[in-house]
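Nothing fancy with the numbering, it's 1 onward along the sequence.
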Amino acid sequence: MATSASWQPQEEGFKEICGLLEQQISSSSTADKSQIWQQLQHYSHFPDFNNYLAFILARADGKSVEIRQAAGLLLKNNLRTGYKSMAPENQQYIKSELLPCLGAADRHIRSTVGTIVSVVVQLGGILGWPELLQALVNCLDSNDVNHMEGAMDALSKICEDIPQVLDSDVAGLAERPINIFLPRFLKFFQSPHSSLRKLSLGSVNQYIMLMPTALYASMDQYLQGLFVLANDPATEVRKLVCAAFVQLIEVRPSFLEPHLNNIIEYMLQVNKDNTDEEVALEACEFWSAYFDAHLPPENLKEFLPRLIPVLLSNMAYADDDESLIDAEDDESLPDRDQDIKPRFHSSRLHGSDNLEEDDDDIVNIWNLRKCSAAALDVLSNVFGDDILPTLMPIIQAKLSASGDEAWKDREAAVLALGAIAEGCISGLYPHLSEIVVFLIPLLDDKFPLIRSISCWTLSRFSKYIVQNGHEQFEKVLMGLLRRILDTNKRVQEAACSAFATLEEEAAEELAPHLEIILQHLMCAFGKYQRRNLRIVYDAIGTLADAVGEALNQPVCLEILMPPLIAKWQQLPNSDKDLFPLLECFTSIAQALGSGFTQFAQPVFQRCIDIIRIQQSAKVDPTSAGVQYDKEFIVCSLDLLSGLVEGLGSGVESLVAQSNLKDLLLQCCLDDAYDVRQSAFALLGDLARVCPVHLHPRLSEFLDVAAKQLNTSKLKETLSVANNACWAIGELAVKVRQEVSPIVVAVISYLVPILLHSEELNNKSLVENSAITLGRLAWVCPELVSPHMEHFMQSWCIALSRIRDDIEKEDAFRGLCAMVKANPSGALSSLVFMCRAIASWHEIRSEELHNEVCQVLHGYKQMLRNGAWDQCMSALEPPVKDRLSKYQV
């Protein structure tokens with residue numbers, strides 16, 4: 001390959017850059033690292049700076065490997081951001097220096113070159129570097145281990161970052177690059193060098209998901225290679241073999257079916273021999289993947305007596321598990337920033353699709369213990385009580401193991417009980433009372449990790465504990481409250497999470513215990529460090545949601561509110577620790593209802609301030625004095641919604657004195673989905689209680705809400721559309737005829753949603769669309785009824801799936817109004833209309849009941865000569881029975 005001989009480094013520039021790199025990587029250097037960084041940034045403005053870096057990486061033999069590597073890593077970062085804007089001759093120079101280095105004597109240099117090659121291919125494609133493929137093939141075929149490994153390293157990075165590049169047609173090449181490389185990869189499975197076996201297997205595994213024709217055709221050879229490598233001496237290779245089997249069973253189980261028994265046997269052995277936890281962990285993923293692939297459970301059944309003991313044995317804490325380090329009294333140690341995982345607030349959603357978050361995972365690092373527990377959970381859900389005869393004797397033996405040295409076995413047995421709590425509930429049911437009696441004392445065990453796992457396992461039996469009489473419920477409740485005040489942070493966290501689960505199950509049963517619960521929670525609030533404080537907020541919020549207005553008692557508010565208000569006043573507007581507090585206040589405001597009035601004004605004002613500050617920070621963070629973070633807006637909008645919901649029309653005076661309508665309109669126009677989602681939720685809430693204050697900007701609110709339903713990205717913004725749709729309906733019933741300018745447009749957007757409800761698979765949006773369409777028909781029947789035949793059938797199907805409530809009543813008022821205006825519009829969908837009417841258990845409004853009677857009687861008179869009877873005969877017997885209450 002011709003090199004760009006024209007470029008040569010200047011001695012002075014070369015020395016200066018090497019000097020800076022040396023200072024940058026030196027740990028003993030006293031130089032200011034940020035100053036060095038700035039100098040290097042300054043150099044990067046020179047067009048040939050990257051040529052120097054390439055030269056240092058490739059040719060500075062007199063310099064240390066560390067300096068050459070540092071030049072390479074800086075080059076990689078610079079190419080990432082600036083490759084496409086570089087002069088072609090500089091691109092060419094860099095590429096010409098990289099290729100000879102693929103076979104460099106030093107492994108670190110080879111690896112750095114491989115990374116840069118992958119970045120260049122990512123940015124310029126294979127066509128942009130025609131010499132590369134041949135150079136890689138030459139290296140692979142060279143029999144020189146450095147060259148083979150250097151090329152494999154570069155290829156493995158290309159396969160990992162951009163696998164599709166090698167499985168694409170390239171102009172001027174007779175076949176796709178993967179067809180050239182795959183036979184060579186497979187051949188390297190037999191290489192005596194473990195690095196080549198590892199890199200080649202890792203590269204092929206990247207194509208399981210894509211499954212190019214070349215791999216499909218070579219599947220037998222690939223599988224034979226995997227079976228040979230299954231007993232490879234290198235840990236990394238065996239780990240990749242297990243990963244390949246797990247991926248294959250997920251993507252193409254049919255390839256493995258002929259070999260399943262041998263593969264299951266192999267995975268079981270690898271799981272059992274957990275001397276290398278990483279390989280065992282990769283193998284353990286197989287059990288869940290097997291069932292996700294919907295393969296017949298019978299194939300695994302014969303292995304259960306051997307698999308279950310292995311899983312249980314692997315559920316014990318490993319000696320080097322980092323949780324063991326936390327197992328002392330650490331409550332007074334402040335949290336480090338890295339202890340506090342990022343949290344994500346989920347915006348408000350109106351409707352039935354509020355999915356619960358799964359908070360079962362107590363600690364966040366995935367390891368063999370957790371993977372084994374997850375596999376046992378899956379087995380219990382597939383095989384149910386059939387696993388108990390094998391499992392329970394082992395659990396009992398581990399639980400009865402005495403002595404301090406056996407604590408990990410006891411802990412694993414408690415974890416196992418929690419893991420099977422769902423799948424084996426019917427088999428455990430007769431013994432649950434004994435199990436709970438056994439677990440309660442473990443809440444006070446001397447080992448903190450036994451205390452924390454007992455909290456979790458008890459929470460998995462919450463439903464039973466709540467139903468099973470006061471005595472056990474009170475013992476568990478008091479036990480968890482004691483643990484909330486534990487001296488160990490892990491136990492505090494587990495106890496708070498378990499208590500939140502119990503709260504959701506117990507709901508109003510908690511009311512008699514509110515005082516003592518609040519005393520414990522507020523005591524925790526006073527002593528917890530930052531990370532666990534978030535969980536206390538969650539437990540308080542869940543408590544408010546669970547007991548509702550029972551919280552509105554002076555004795556409760558005196559314990560609960562002063563500490564929260566003190567924290568609220570202490571945190572500045574830009575502190576992210578406000579998020580969980582805003583969420584907690586949202587639940588409290590909803591629960592207290594008008595009882596929140598005494599706290600409302602400062603809370604309302606602060607939300608308005610936060611939204612205002614964030615909106616200006618979005619435009620100019622410097623003059624706003626804070627960095628923009630949309631989550632502040634989302635949490636504040638949701639708390640305002642909670643206030644509106646709690647205070648009802650009592651919020652009117654606060655809204656009247658603020659510029660909320662202007663801020664809210666801006667939020668409805670925001671480019672972030674979650675900001676819009678929360679904004680439309682608040683718009684709907686305000687429409688319910690004080691539409692008069694939205695009036696000045698009503699037409700703008702209606703226009704922007706309608707736009708959310710008319711988007712090509714509907715599937716990505718379902719929740720925004722859902723809330724906007726609901727808000728239009730709420731506005732319609734309040735401002736009546738004033739919605740008329742948008743009615744026809746909105747109907748034209750809602751009809752496709754109803755017609756494609758199966759594809760959208762979003763129950764909430766379909767329900768809200770049906771209700772809003774009905775509400776618009778109720779307030780503007782003359783505008784909606786001419787279009788009836790386009791939507792009656794799918795609309796009636798959606799209406800028949802909505803539970804009885806006030807919103808459904810509004811929709812049926814719309815149905816009656818339309819039929820009056822255009823009786824013939826519903827004729828072809830009469831059967832569907834009858835089914836929708838029959839979906840009511842009882843129409844509470846006498847007036848609506850009578851209107852529905854009139855509609856049915858009107859059609860009975862209209863349809864003569866047996867047409868009505870024919871319609872009735874198409875209905876199912878239960879539907880006919882339900883229609884009898886309308887005297888037809």
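How far CG of Asp810 is from CH2 of Trp778: 4.5 Å, rounded to the nearest 0.5 Å. Going from atom CD1 of Ile559 over to atom CD of Gln553 covers 9.5 Å, rounded to the nearest 0.5 Å. For the atom pair Leu510 CG and Ile517 CD1, the distance stands at 4.5 Å (nearest 0.5 Å). Between atom CD1 of residue Ile728 and atom CD1 of residue Ile742 there is a gap of 4.5 Å, rounded to the nearest 0.5 Å. The CE atom of Met818 sits 10.0 Å away from atom CG of Leu776, with the distance rounded to the nearest 0.5 Å. Residue Met522 holds its CE atom at 9.0 Å from CE of Met561, rounded to the nearest 0.5 Å.
Counted within 6.0 Å of CD on Gln737, heavy atoms from surrounding residues, nucleotides or ligands total more than 12; the atom is thus considered enclosed. Heavy-atom contacts from other residues, nucleotides or ligands closer than 6.0 Å to CD of Glu549 number 12 or fewer. Heavy atoms from other residues, nucleotides or ligands lying under 6.0 Å from CZ of Arg844 number 12 at most. Counting heavy atoms of neighbouring residues, nucleotides and ligands inside a 6.0 Å radius, atom NZ of Lys618 exceeds 12 of them.
Side-chain N or O atoms of Asp577 include none that pairs as donor or acceptor with a backbone N or O of Arg530 at under 3.5 Å. Between the side chain of Asp804 and the backbone N or O of Trp840 there is no donor-acceptor pair closer than 3.5 Å. Here the side chain of Asn659 pairs no donor or acceptor atom with the backbone of Asp662 at under 3.5 angstrom. Side-chain atoms of Arg534 do not come within 3.5 Å of backbone N or O of Pro580 as any donor-acceptor pair. In this structure, the side chain of Lys734 does not engage the main chain of Pro691 through any donor-acceptor pair within 3.5 Å. In this structure, the side chain of Ser616 engages the main chain of Ile613 through a donor-acceptor pair within 3.5 Å. Between the side chain of Gln708 and the backbone N or O of Val704, at least one donor-acceptor pair lies under 3.5 Å. Listed for the Lys527 side chain is a donor-acceptor partner under 3.5 Å among the backbone atoms of Leu485. Between the side chain of Thr501 and the backbone N or O of Ser497 there is at least one donor-acceptor pair closer than 3.5 Å. Between the Gln614 side chain and the Lys630 main chain, no donor and acceptor come within less than 3.5 Å of each other.
Here the closest non-hydrogen pair linking Asp685 and Val644 is O-CG1, 3.5 Å. Nearest heavy atoms, Val626 versus Ser574: CG1-CB, 3.5 Å. Nearest heavy-atom pair, Ala724 versus Ala705, reported as atom, atom and distance to 0.1 Å: CB-O, 3.6 Å. Residue Val603 comes nearest to Trp568 through the heavy atom pair CA-CZ2, 3.6 Å, listed as atom of the first residue, atom of the second, then distance. For the pair Val739 and Cys780, the tightest heavy-atom approach, listed with the atom from each and the gap, is CG2-SG, 4.2 Å. When all heavy atoms are compared, the tightest approach of Leu514 to Ala550 is CD1-O, 3.5 Å.
The salt bridge (Lys or Arg N to Asp or Glu O under 4.0 Å) with Asp486 is formed by just one residue from the set Lys489, Arg483, Arg490; it is Arg483. Under the side-chain contact (heavy atoms from CB on, under 4.5 Å) test applied with Ser769, the options Asn762, Ile753, Val746 reduce to a single match, Ile753. No option in Glu504, Glu509, Gln472 other than Glu509 meets the side-chain contact (heavy atoms from CB on, under 4.5 Å) test with Val466.
Residues Asn532 and Cys496 form no side-chain contact, since every pair of their non-hydrogen atoms from C-beta on lies 4.5 Å or further apart. Phe499 places none of its side-chain heavy atoms less than 4.5 Å from the side chain of Val536. At least one side-chain heavy atom of Glu474 sits less than 4.5 Å from a side-chain heavy atom of His513. Side chains of Val720 and Gln677 form a contact here, defined as non-hydrogen atoms less than 4.5 Å apart. Put simply, the side chain of Glu807 reaches to within 4.5 Å of the side chain of Trp726, judged on heavy atoms. Side-chain contact between Leu750 and Cys725 is present, with heavy atoms from C-beta onward closer than 4.5 Å. The shortest side-chain heavy-atom distance between Leu480 and Cys455 falls under the 4.5 Å cut-off. Under the 4.5 Å side-chain criterion, counting only non-hydrogen atoms from C-beta, His520 is in contact with Met478.
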side-chain hydrogen bond (donor to acceptor under 3.5 Å, both in side chains) assessment of Ser764 paired with Asn722: CA-CA 7 Å; Ser764 186; Asn722 177 71; 3.0 Å; yes

Evaluate the criterion side-chain contact (heavy atoms from CB on, under 4.5 Å) for residue pair Leu502 and Leu458; output intermediate values, then yes/no. CA-CA 9 Å; Leu502 184 70; Leu458 278 165; over 6 Å; no

Do Arg612 and Gln615 pass the side-chain contact (heavy atoms from CB on, under 4.5 Å) test, and can you show the C-alpha distance, the side-chain angles, and the key distance before you say yes or no? CA-CA 5 Å; Arg612 189 179 41 73; Gln615 286 185 343; 5.9 Å; no

Hey, mind stepping through Tyr537 and Glu583 against side-chain contact (heavy atoms from CB on, under 4.5 Å) and telling me if it holds? CA-CA 8 Å; Tyr537 286 132; Glu583 285 176 357; over 6 Å; no

Set out, in order, the CA-CA distance, both residues' side-chain angles and the distance that settles salt bridge (charged side-chain N to carboxylate O under 4.0 Å, His left out) for Glu631 and Lys576, then state yes or no. CA-CA 9 Å; Glu631 195 150 358; Lys576 291 186 180 183; over 6 Å; no

Can Ile588 and Ile540 be said to form a side-chain contact (heavy atoms from CB on, under 4.5 Å), step by step? CA-CA 8 Å; Ile588 293 171; Ile540 296 170; 4.1 Å; yes

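Salt-bridge annotation for Asp609 and Arg606: absent, with no side-chain N of the basic residue lying under 4.0 Å from a carboxylate O of the acidic one. Using a cutoff of 4.0 Å between basic side-chain nitrogens and carboxylate oxygens, Arg688 and Glu645 are not scored as salt-bridged. Between Lys475 and Glu471 there is a salt bridge, since a side-chain N of the basic residue sits under 4.0 Å from a carboxylate O of the acidic one. Between Glu700 and Arg697, at least one side-chain nitrogen of the basic residue sits less than 4.0 Å from a carboxylate oxygen of the acidic one, meeting the salt-bridge criterion.
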